[in-house]
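The structure under discussion appears below in the form of structure tokens.
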Amino acid sequence: ANGRCVDEGKKCNGHDDCHDNSDETLPECHKSNCDHDEFACANGRCVDEGKKCNGHDDCHDNSDETLPECHQSNCKQDEFACANGRCVEEDTKCDGDDDCHDNS
């Protein structure tokens, strides 16, 4: 997606070779035996759909946290949008506490 070229064999290998994860989020990467209520990780692992974008690397390859929908912010104007999609009070930013649970 970012114009970077990688070898065909590096697609769907569980590694972000394109540096935007586009080589791991292709439709052919998600052919799996996962149940309908599970997310197919780039590495072939299946995790509960509800674990996507929760700030935790449930897939163990971070493919459940690097999806486009993980970066859409529904935060209010007085809230800080964490990298994992979580919203925290703006005044808690940079206070030394990991309010986002992802150190962002």
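Hydrogens, waters and symmetry mates are skipped; everything else that's a heavy atom, side chains included, is used. Each residue takes its place number in the sequence, starting with 1.
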(message) Looking at Val88, is its backbone amide N or carbonyl O close enough to the side chain of Asp99 to form a donor-acceptor pair, meaning the two atoms are under 3.5 Å apart?
(response) no
(message) Taking side-chain hydrogen bond (donor to acceptor under 3.5 Å, both in side chains) as the definition, give me every residue that meets it alongside Asn62, ordered by chain and number, with sequence neighbours left out.
(response) none
(request) For Asp20 and Ser22, work out which heavy atoms get closest and say how close. (result) OD1-OG, 2.7 Å
(message) Could you report the tightest heavy-atom contact between Asp64 and Phe39, atom names first, then the distance?
(response) CA-CE2, 3.8 Å
(message) Just to verify, what does Cys75 make a side-chain contact (heavy atoms from CB on, under 4.5 Å) with, not counting sequence neighbours?
(response) Ser73, Glu79, Ala81, Cys87
(request) Only counting residues at least two apart or in another chain, list the ones meeting side-chain hydrogen bond (donor to acceptor under 3.5 Å, both in side chains) with Asp16. (result) none
(request) Not counting sequence neighbours, which residues clear side-chain hydrogen bond (donor to acceptor under 3.5 Å, both in side chains) with Asp17? List them please. (result) Asn13
(request) Kindly confirm or rule out an SG-SG distance below 2.5 Å between Cys41 and Cys46. (result) no
(message) For Glu49, give me all partners under salt bridge (charged side-chain N to carboxylate O under 4.0 Å, His left out), at least two apart in sequence or on another chain.
(response) Lys52
(request) Provide the closest heavy-atom pair for Asn43 versus Cys59 in the form atom of the first, atom of the second, distance. (result) ND2-O, 2.8 Å
(request) Apply side-chain hydrogen bond (donor to acceptor under 3.5 Å, both in side chains) to His19 and list each qualifying residue two or more places apart in sequence or on a separate chain. (result) Arg4
(message) On a heavy-atom basis, which atom in Glu65 and which in His56 lie closest, and how many Å separate them?
(response) OE2-O, 2.8 Å
(request) Could you note down all residue pairs passing salt bridge (Lys or Arg N to Asp or Glu O under 4.0 Å) where residues 85-95 supplies at least one of them, sequence neighbours left out? (result) Glu90-Lys93
